[in-house]
Amino acid sequence: MEKKMNDKSRSIHDILPLDLIHIILLRVPIRHVARLKCVSKLWCSLISDPDFAELHFCHSPAATNVFMKKGAMAYLIYLDENDASQKEVSPPFEKKPHPDFEVLGSCRGFILLRRHPQFLVVWNPLTGFSKRISYSHIVRRLKYQGFRLPYSMNLHGFGYDASQDDYLVVVAYRDYERQEDHLECLSLRTNSWINLDAVLPRPLDWFDHNSCGLFLNGAIHWVPSCLKDHRDAILIFDLKERTFSRISAPGQLPISECLFPCLALLGDCLSLYCHNYSSHTTEIWVMKEYKVHSSWTLYQIPCKTFQPLCLSNNGDIIGKGHPFSDKKGYLIYNVRGDLLKHFKNLYCPIRGADAVYTESLLSLPSDIKDKDNKNKRKAGCTYSPCFATRYSC
């Protein structure tokens, strides 16, 4: 009897070694890991460790989550081969929800938002962490009070420089009064904007004014809204070297028939897609080996309004159809073009997906340093004229 009572009093830490618990937690889906902080102080400490967050992100499968704006709110949409669900969330703005915000991109579990009048917000929807950033210096520089991201610029992007453990926001815009192009890069580690006009390629006029960059392999990628040539079609900005380069689109791409080309990240591969209205298909070109031109591979989806979003764990293509077509909602096709799943009852706006992202427990580098002094700060929000950090438990 005494032995049975002693067995019941033993905790999981007495049964399993800490290293094994660590390995098990790395394999638990990230949205469930966050809840396990409540199991014990030891688990809370383990899961809150920045090294654990980084390891878990590296072990996570490719993104199958979509962030969609809806008025003053937003939806997190979860998609996989067997099921789909959605969750309504409120963006982390100080004042009451307001529809005047835009989604500018995502990177490693963070969403980049633009908030009226002159602020950006970096937000991790899973942890609740958010950080506010001002770009009022750009407005003052242009002397144009109507300047507003993302509409008043040529290029923008959000990415991560692993060599410096730093998240960067890149903005290229034109001063039409002086006929000058400018490039600004924000470091979230140092909380400072860096002027990079010297490395900016010219001209930028042929890029769409709402050209959101795609982050992959330590670089941000853009494609113009109207291709004029296959050669050097895709512009690349290397976040480590702070330099631009270009790669060519597939030579077989029918430029005259493919309107409004876009980029997508399918698995870990750069993808270029466009709608071919003459054949009523969506052509998806996947670069199987990064920067190897001969590795462009074509997949054709029998839906002229299909927008590829990501790959499923089985390698099938997840995307969305146009709300006013017979393919309204979210669709899963295999690489042969066969329709496998059709989810019709999820929020699916006319415009494209605002952001595809992978959930994470990651913190910004400046946030990690701030936690060392957390006990010295007052509870709640701390603001400076340019930067503000908010913590949510």
Which residue pairs pass the salt bridge (charged side-chain N to carboxylate O under 4.0 Å, His left out) test when at least one of the two sits in residues 19-37, sequence neighbours left out? R31-E359
Tightest non-hydrogen contact, residues V356 and C310, listed as CG1-CB, 4.2 Å
Non-neighbouring partners of Y347 that pass side-chain hydrogen bond (donor to acceptor under 3.5 Å, both in side chains), sequence neighbours left out: none
Residues that H221 engages under ring-ring contact (aromatic ring centres under 6.0 Å, His included), provided they are two or more places apart: Y290
Could you list the residues that satisfy ring-ring contact (aromatic ring centres under 6.0 Å, His included) with H22, not counting sequence neighbours? F52
Output all residues satisfying side-chain hydrogen bond (donor to acceptor under 3.5 Å, both in side chains) with E241, sequence neighbours left out; order by chain, then residue number. none
Ring pair (Phe, Tyr, Trp, His ring centres under 6.0 Å) pairs touching residues 238-266, sequence neighbours excluded, are F237-F244
Which residue pairs satisfy the salt bridge (charged side-chain N to carboxylate O under 4.0 Å, His left out) criterion with at least one member in residues 264-293, sequence neighbours excluded? none
Which residues share a side-chain hydrogen bond (donor to acceptor under 3.5 Å, both in side chains) with N334, sequence neighbours left out: D338
With sequence neighbours excluded, residues passing salt bridge (Lys or Arg N to Asp or Glu O under 4.0 Å) with D238: none
Residues forming a salt bridge (Lys or Arg N to Asp or Glu O under 4.0 Å) with D83, sequence neighbours excluded: none
Between the side chain of H182 and the main-chain N/O of V171, is any donor-acceptor distance below 3.5 Å? no
With sequence neighbours excluded, tell me which residues meet ring-ring contact (aromatic ring centres under 6.0 Å, His included) with F110. Y167
For K327, all residues meeting side-chain hydrogen bond (donor to acceptor under 3.5 Å, both in side chains), sequence neighbours excluded: Y333
For the residue pair C212 and L104, what are the closest heavy atoms and their distance? SG-O, 3.0 Å
With no hydrogens and no angle check, is any side-chain donor or acceptor of N124 less than 3.5 Å from a backbone partner on L126? yes
